2 protein chains.
Amino acid sequence: MPLDTASCLAALAEGFPGAALLTGEDVPARNLHDTSFLPDVSPLAVVRPDSPEGVAEAVRICAGHGVPMVAQGGLTGLAGGAHPVAGCVAISLERLNGIEEIDPAAATMTVRAGTPLEVIQKAADEAGFFIPLDLGARGSCQIGGNIGTNAGGNRVIRYGMTREMVLGLEYALPDGTLIDGLNKMLKNNAGYDLKQLFIGSEGTLGIVTRAVLRMHPKPGCVNAALCGLSSYEDVLKLLAAARRGLGPMLSAFEVMWPDYWQVVTEEVGARSPLVGTHAVYVLLEAQGLDEDIDGPRFMSWIEGVFEAGIIADAAISQSLGDVQSFWDVRDACAEFQTVLGPHCAFDIGLPQTRMNDFADACRARLKEDMPEALSVYYGHIGDGNLHIVALDRAQAQPPMKRISAIVYDTVRDFGGTISAEHGIGLLKKPYLSYTRSEKELALMARIKAALDPQGLLNPGKVIDAPATGKTDT
Amino acid sequence: MPLDTASCLAALAEGFPGAALLTGEDVPARNLHDTSFLPDVSPLAVVRPDSPEGVAEAVRICAGHGVPMVAQGGLTGLAGGAHPVAGCVAISLERLNGIEEIDPAAATMTVRAGTPLEVIQKAADEAGFFIPLDLGARGSCQIGGNIGTNAGGNRVIRYGMTREMVLGLEYALPDGTLIDGLNKMLKNNAGYDLKQLFIGSEGTLGIVTRAVLRMHPKPGCVNAALCGLSSYEDVLKLLAAARRGLGPMLSAFEVMWPDYWQVVTEEVGARSPLVGTHAVYVLLEAQGLDEDIDGPRFMSWIEGVFEAGIIADAAISQSLGDVQSFWDVRDACAEFQTVLGPHCAFDIGLPQTRMNDFADACRARLKEDMPEALSVYYGHIGDGNLHIVALDRAQAQPPMKRISAIVYDTVRDFGGTISAEHGIGLLKKPYLSYTRSEKELALMARIKAALDPQGLLNPGKVIDAPATGKTDT
């Protein structure tokens with residue numbers, strides 16, 4: 001299919017009258033970038049369908065004219081997955097918004113892709129249920145993007161990734177075919193579980209239009225502790241003790257290294273409930289059924305790990321307000337842009353036993369290369385997921401490639417993954433071979449070519465189809 | 001690639017000397033069928049590699065000669081997924097057997113595909129961990145088959161399907177490429193999560209050789225109750241109460257209808273701990289952390305649902321022996337072949353609210369068509385999964401097609417799935433369109449064609465590649 005931009009825009013204008021299509025100077029500034037800090041790129045147009053069929057129609061028109069497409073949701077992604085590419089049409093899901101159904105008997109919620117996560121969380125809460133997916137960008141990220149990136153977040157240790165919360169999925173294929181897989185059943189082994197291919201494929205294989213989410217019972221009570229520990233070895237002991245002593249109630253296990261702690265308490269101004277400093281800090285949370293039973297259980301468990309010398313100090317929540325204030329320390333990373341300025345953000349996965357050695361090695365290598373380097377370490381260590389924020393205080397703009405090379409070389413040396421939850425997008429694509437073998441990359445490329453032979457859906461992201469690409473269209 | 005059987009067998013004989021290749025009369029009787037009761041089919045040969053590379057080599061030889069292949073594990077599948085097809089080479093995983101590593105720090109176990117599930121369960125237990133996957137065939141089914149079919153079983157309500165237990169996967173593609181995806185990390189969003197495509201694809205896209213399984217902490221205590229209820233409406237109330245009152249501790253919720261109860265207590269001889277008869281029976285199990293806390297909690301919860309009139313009677317476990325004896329009633333279905341003789345077995349999924357109406361409708365339709373029809377209903381209702389065993393007592397051999405047509409027509413009328421956990425294999429393939437749309441089937445076929453362009457891996461199972469298939473080999 002030869003590229004035919006002008007007639008593509010004309011066809012889009014016909015199919016999407018008025019504000020459903022924005023071109024030229026009408027393209028909003030927000031659609032020129034996601035949160036990856038890549039340079040702005042102007043899409044040819046932003047098309048804003050308000051129905052699944054509209055999304056499919058927009059894709060069909062673009063595909064029919066050989067015009068590349070980039071799906072856009074809340075634009076909160078950090079890896080460039082929703083960043084426009086030159087000459088593309090941005091397909092924004094913002095108007096395909098809202099909750100279509102809450103089914104209390106099936107404990108499911110059917111949502112449109114452009115619905116913000118926080119709206120979904122609140123609707124579940126009002127219906128007496130709980131949506132465990134939660135991340136800092138909850139107010140602006142959209143569920144379609146959460147699904148497209150297989151988002152992780154704060155409660156993976158208990159509830160799993162987004163993948164495990166999606167029972168059914170509707171999506172448009174790269175040719176505009178709309179696949180309605182809005183299954184509501186927990187178990188459905190009737191043929192290939194197609195949705196798995198689209199969850200986490202970052203909009204390169206299809207565009208999510210609607211989803212059926214699994215809701216969980218609302219927790220009866222929540223307890224949390226913010227702990228100071230004397231060594232990373234004690235963190236591993238605490239995690240093992242929490243898995244055994246709190247079992248499935250353990251709903252978060254977040255670790256913060258002293259460099260993180262210092263920035264958030266001294267520069268962001270988060271209030272530490274602990275006296276003095278520690279070698280490492282852990283926020284742990286347990287969702288119980290009944291405060292009368294699980295509150296004392298939590299307290300007694302904490303006392304046990306304290307008496308065993310695993311934790312040096314702990315603040316223990318007495319109220320939901322306390323729980324929130326502990327989370328404020330962990331969520332203070334949202335202010336890094338303000339207090340630290342431009343920086344590089346990483347989201348790596350590692351075997352839990354190697355986390356601290358990794359942090360030591362990475363910090364040292366960065367310092368060796370850039371004496372003024374600042375790097376801070378924190379993350380969902382219960383899931384083997386470490387976040388790193390790094391910059392060179394000697395430079396106004398962080399040397400992205402240099403810092404990335406050092407961090408990812410260290411990840412490779414430690415046998416980790418370059419992305420635990422944020423995805424690959426554009427930023428991490430050059431490093432994908434650090435984590436995946438040549439054979440795995442070839443298989444990904446084969447799948448991309450099979451589903452998107454023209455290579456029009458989010459081109460240049462994650463993986464390229466083989467260069468020997470087909471000529472059939 | 002033209003079919004070249006003789007030189008394929010010669011090449012296999014060279015690569016797999018001695019008992020690693022069985023042909024002609026040496027092909028064991030066990031390899032002529034799985035547990036689908038389809039007529040025996042003799043494969044050309046049974047090749048029994050003892051390494052992942054050996055599996056890949058066997059696949060490469062067969063693919064190079066255009067010879068179809070069927071992977072075989074414990075051969076306990078009920079849908080024909082491992083049943084030989086005419087002219088195929090059976091690739092048996094039985095010698096690719098054993099646990100390669102238990103990593104307590106990562107809480108993972110690396111296993112070879114031919115390892116029986118029960119061996120895996122016991123090894124986890126001895127290491128102080130818990131593998132939640134459990135099904136009646138635990139002693140003879142193999143983990144590769146469990147993964148290939150995305151097995152469900154007794155504890156899906158708490159731990160999910162097999163898919164949710166697999167962190168890493170190694171498999172041979174249809175051309176013999178061995179993909180090593182033995183990831184041990186809980187979170188790894190680096191590109192497409194390729195393993196998802198192979199889990200549950202019933203050996204039609206690749207052959208599983210090794211896997212990394214996630215282990216869970218061993219439960220601290222187990223409590224169970226076998227309950228008699230007055231109506232199916234009460235079952236739904238009990239399930240809702242259990243989800244809220246037992247939360248993530250709820251580890252099984254099994255429902256048995258009176259026809260099932262009658263067969264297992266009167267014909268199989270299972271001992272009922274309940275006095276009298278009830279409209280429906282529920283076995284529920286909760287895995288807790290500490291008997292001192294969770295035992296009384298369970299008892300108090302049961303008392304609450306009894307006082308609320310949700311259950312009419314209940315036997316409550318006082319020991320692990322009691323728990324086992326309750327499960328014996330549920331596991332008595334393993335004796336159906338002995339006491340009922342040849343029968344048809346179904347494994348369907350339905351919205352939980354419609355289960356009882358479905359059972360009534362299906363029973364009536366079978367009786368209408370065959371006055372001597374016997375059908376019994378039971379299953380993992382907490383997961384929306386109903387098992388049905390049906391036969392016509394007027395006929396020595398059950399009229400498979402007639403019974404299937406009635407059952408699946410009813411499933412379609414009720415908006416269910418023709419397979420919740422057993423898979424599609426050969427037996428259910430004619431009915432796949434009852435559950436999946438034409439577009440979904442076309443997409444499955446496209447994926448099959450992309451990964452297995454020659455159509456040599458488990459041909460005729462689950463889905464066929466498009467008839468317009470390519471000629472490139």
Side-chain angles (χ1 to χ4, degrees), chain A residues 105-106 149-150 152 156 160-161 164 173 177 179-181 184-194 196-197 200-201 217 220 236 243-249 289 293 297 349 351-353 383-385 417-424 432 435-437 439-440 443-444 446-447 450 462-463, chain B residues 105-106 149-150 152 156 160-161 164 173 177 179-181 184-194 196-197 200-201 217 220 236 243-249 289 293 297 349 351-353 383-385 417-424 432 435-437 439-440 443-444 446-447 450 462-463:
Chain A
T149 55
N150 186 31
V156 172
M161 306 280 279
E164 286 159 83
L173 293 181
T177 303
I179 304 283
D180 169 4
K184 289 167 76 171
M185 288 175 280
L186 286 180
K187 297 165 81 170
N188 191 347
N189 271 350
Y192 306 156
D193 191 358
L194 294 167
Q196 303 297 345
L197 201 49
S201 65
L236 294 177
R243 286 194 192 280
R244 286 178 196 281
L246 302 172
M249 300 192 178
L289 295 164
I293 295 174
R297 188 211 297 260
Q352 280 146 347
T353 49
D383 318 320
N385 182 182
T417 174
I418 61 163
S419 177
E421 58 181 19
H422 293 172
I424 297 303
L432 190 51
T435 297
R436 302 297 190 187
S437 68
K439 288 178 185 171
E440 287 175 297
L443 182 53
M444 288 182 204
R446 201 159 144 193
I447 290 165
V462 186
I463 192 87
Chain B
T149 54
N150 185 31
V156 172
M161 306 280 279
E164 285 159 85
L173 294 181
T177 304
I179 304 282
D180 170 4
K184 289 167 76 169
M185 288 176 280
L186 285 179
K187 297 165 80 169
N188 191 346
N189 271 350
Y192 306 156
D193 191 358
L194 294 168
Q196 303 297 344
L197 201 49
S201 65
L236 295 176
R243 287 194 191 279
R244 286 176 198 283
L246 302 172
M249 298 192 179
L289 295 163
I293 296 173
R297 187 211 296 260
Q352 279 146 347
T353 49
D383 318 321
N385 182 184
T417 175
I418 60 164
S419 178
E421 57 179 21
H422 293 171
I424 297 302
L432 190 51
T435 297
R436 302 296 190 188
S437 68
K439 287 177 185 173
E440 288 176 296
L443 182 53
M444 288 183 204
R446 199 158 145 193
I447 290 165
V462 186
I463 192 85

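The basis for the numbers below is simple: all heavy atoms, side chains too, and nothing from hydrogens, waters or symmetry mates. These numbers come from a predicted model, not from an experiment. So that the names make sense, note that chain A is the first sequence line, chain B the second, and so on, each numbered from 1.
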Is it the side chain or the backbone of Arg244(A) that comes within 4.5 Å of chain B heavy atoms, both, or neither? both
Correct closest heavy-atom pair for Thr435(B) and Glu440(B) would be O-OE1, 4.4 Å
If I compare all heavy atoms of Ala190(A) with all of Thr417(B), which pair ends up nearest, and what's the gap? CB-OG1, 3.5 Å
Residue pair Ala105(B) / Thr353(A): nearest heavy atoms and the distance that separates them: CB-CG2, 3.4 Å
Portion of Asn385(A) that has a non-hydrogen atom of chain B nearer than 4.5 angstrom: side chain
Between Asn188(B) and Gly349(A) (side chain of the first, backbone of the second, donor and acceptor by atom type, cut-off under 3.5 Å), is there such a pair? no
Of all of Leu443(A), Val156(A), Ile463(A), Asp180(A), which one pairs up most often with chain B through heavy atoms under 4.5 Å apart? Leu443(A)
Taking side chain as everything from C-beta outward and backbone as N, CA, C, O, which of these in Leu236(B) sits under 4.5 Å from a heavy atom of chain A? Side chain, backbone, both or neither. neither
In terms of heavy-atom pairs under 4.5 Å, which option from Glu421(B), Met249(B), Arg297(B) contacts chain A the most? Arg297(B)
Need one label for Arg436(B): side chain, backbone, both or neither, based on atoms under 4.5 Å from any heavy atom in chain A. side chain
So, the part of Lys439(B) with a heavy atom under 4.5 Å from chain A: the answer is both
Under 4.5 Å to a heavy atom of chain B? For Gln352(A) that would be side chain
Name the region of Met444(B), side chain, backbone, both or neither, that has any atom closer than 4.5 Å to a heavy atom of chain A. both
For Ala106(B) and Lys184(B), work out which heavy atoms get closest and say how close. CB-CE, 4.4 Å
Partners of Val462(A) by side-chain contact (heavy atoms from CB on, under 4.5 Å), sequence neighbours excluded? Glu202(A), Thr204(A), Ile424(A), Tyr192(B)
Within this structure, what is the CZ-CG distance for the pair Arg446(B) and Leu173(A), rounded to the nearest 0.5 Å? 6.0 Å
Mind checking whether Asn189(B) and Thr149(A) have side chains closer than 4.5 Å, heavy atoms only? no
Against chain B, work out which of Leu194(A), Ile179(A), Ile447(A) has the most heavy-atom pairs shorter than 4.5 Å and name it. Leu194(A)
Closest-packed option against chain A by number of heavy-atom pairs under 4.5 Å, given Gly247(B), Gly200(B), Gly191(B), Gly384(B): Gly191(B)
Per-residue contact mode, Asp383(B) against chain A (heavy atom under 4.5 angstrom): both
